[in-house]
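In what follows, a structure is listed as structure tokens, so that the remarks can point back to it.
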Amino acid sequence: MLTSVSTEVPSQRPSRSAAAVEITGLRKQFGDDVVVSEPCLRARLGSVVGVLGRGKTTLLAMLTGVLPPDEGGVRVFGVDVWRDQRRASALMASTPLDGATPPQALSGWAMLTGTGLLHGMDAEQVVRRTVELLDLTGLADAGGEPVGHYTPGMRSRLYLARALLTGPRLLVLDDPFRAADAGSARTIGAVFDQFTATGGTVVLSGEYPDGVCDDVWLLGAR
């Protein structure tokens with residue numbers, strides 16, 4: 001059962017016309033291959049933005065500060081990702097951009113609590129947030145099970161819970177609906193609704209169910 005819990009973003013809902021992400025003149029080239037060349041992309045506060053087309057994972061890697069662009073800039077809530085990386089990183093969280101899976105013997109509970117402690121969160125807060133987020137993502141009964149026993153949809157929900165753990169304002173998710181069953185897709189969509197209702201913003205790549213995204217970045221569509 002989906003439970004309403006705080007996602008720890010600002011409680012005052014900001015104007016949806018304001019920008020959470022601004023990308024200008026972004027370019028990435030590998031050898032002779034120009035993978036990303038985008039003059040202007042923008043994600044509104046409180047929205048869910050889908051990213052489609054060639055180079056989407058490369059673009060997300062530049063957005064999250066993992067891969068430096070050859071040209072251009074990325075700003076998150078007005079903070080330049082590549083000039084103030086520490087401050088920008090504190091505002092967002094992401095799921096793995098390479099499809100990696102956690103150690104199969106690790107439990108969902110251990111994955112979340114370990115992440116919180118590594119981020120310097122208070123132990124009591126880590127436990128509280130882990131309980132809340134396992135419940136929110138429909139994994140309360142599976143938290144003690146090894147991740148190797150999870151279905152692909154359950155792993156997607158677990159990654160989403162881990163991304164929410166530190167209270168980010170921006171979620172950057174690589175293909176969160178990949179191989180997700182209908183129930184997992186509904187749960188992920190409901191979590192997005194709660195997150196954006198209080199001003200959080202989501203940027204996600206890959207295919208997604210109808211009605212999930214407010215806007216779409218179609219890369220290379222010029």
Side-chain angles (χ1 to χ4, degrees), residues 7-31 33-100 115-116 118-121 159-160 162-176 192 195-206 208 213-222:
T7 47
E8 296 193 359
V9 294
S11 58
Q12 183 178 358
R13 187 180 184 122
S15 168
R16 279 184 173 266
S17 63
V21 179
E22 294 176 287
I23 290 172
T24 53
L26 199 64
R27 181 182 176 90
K28 189 65 184 180
Q29 184 170 341
F30 297 103
D33 187 13
V34 178
V35 178
V36 173
S37 180
E38 296 297 328
C40 183
L41 296 170
R42 188 173 182 272
R44 296 174 292 120
L45 286 171
S47 66
V48 179
V49 177
V51 184
L52 298 175
R54 182 172 181 266
K56 55 185 180 295
T57 299
T58 300
L59 183 138
L60 295 190
M62 290 188 283
L63 168 57
T64 54
V66 173
L67 181 69
D70 295 331
E71 299 176 15
V74 181
R75 300 181 73 86
V76 176
F77 305 102
V79 179
D80 190 304
V81 170
W82 288 98
R83 291 185 178 179
D84 196 347
Q85 199 165 1
R86 181 186 297 271
R87 187 177 165 207
S89 295
L91 297 169
M92 55 182 160
S94 63
T95 53
L97 303 180
D98 57 2
T115 297
L118 284 173
H119 278 81
M121 295 172 65
Y159 277 132
L160 178 57
R162 187 176 69 170
L164 287 166
L165 191 70
T166 57
R169 296 174 61 191
L170 172 68
L171 292 176
V172 181
L173 310 176
D174 193 17
D175 210 355
F192 289 173
F195 184 69
T196 58
T198 48
T201 302
V202 180
V203 176
L204 64 92
S205 70
Y208 49 84
C213 292
D214 302 297
D215 299 301
V216 177
W217 295 344
L218 184 57
L219 304 185
R222 293 185 303 281

*asked:* Can you list everything that forms a side-chain contact (heavy atoms from CB on, under 4.5 Å) with Glu71? Sequence neighbours excluded, please.
replied: Arg27

*Residues that Asp70 engages under side chain to side chain donor-acceptor pair (under 3.5 Å), provided they are two or more places apart*: Lys28

*Would you call Arg44-Asp214 a salt bridge at under 4.0 Å N-O?*
no

_Distance in Å, Thr24 OG1 paired with Leu41 CG, rounded so as to fall on 0.5 Å steps_ = 9.5 Å

*Main-chain N/O of Met62 paired to Trp82 side chain as donor or acceptor, under 3.5 Å*: yes

_Distance (rounded to the nearest 0.5 Å) between Thr95 OG1 and Leu60 CG_ = 8.5 Å

*Just wondering, do Asp175 and Tyr208 contact through their side chains at under 4.5 Å, heavy atoms?*
no

*asked:* Can a donor-acceptor pair be found, under 3.5 Å and without considering hydrogens, that links the side chain of Gln85 to the backbone of Arg87?
replied: no

*asked:* List the residues meeting side-chain contact (heavy atoms from CB on, under 4.5 Å) with Thr115, not counting sequence neighbours, and say none if there are none.
replied: His119, Arg162, Leu165

*Leu160 versus Leu173: any side-chain heavy-atom pair under 4.5 Å?*
yes

*Qualifying residues under side-chain contact (heavy atoms from CB on, under 4.5 Å), relative to Ala20, sequence neighbours excluded*: Leu45, Phe77, Thr201

*Does a donor on one side chain sit under 3.5 Å from an acceptor on the other, for Asp174 and Ser205?*
yes

*Is there a donor-acceptor pair closer than 3.5 Å between any side-chain N or O of Ser47 and the backbone N or O of Ala43?*
no

*Rounded to the nearest 0.5 Å, what separation is found between the OH atom of Tyr159 and the CG atom of Leu164?*
15.0 Å

_Euclidean distance, Ser37 OG relative to Leu59 CG, rounded to 0.5 Å_ = 11.0 Å

*Residue pairs passing the salt bridge (Lys or Arg N to Asp or Glu O under 4.0 Å) test where at least one lies in residues 51-66, sequence neighbours excluded*: Asp33-Arg54

*Between Ala163 and Ala93, which heavy-atom pair has the shortest distance, and what is it?*
O-CB, 3.1 Å

*Can you name the residues that form a side chain to side chain donor-acceptor pair (under 3.5 Å) with Asp84, not counting sequence neighbours?*
none

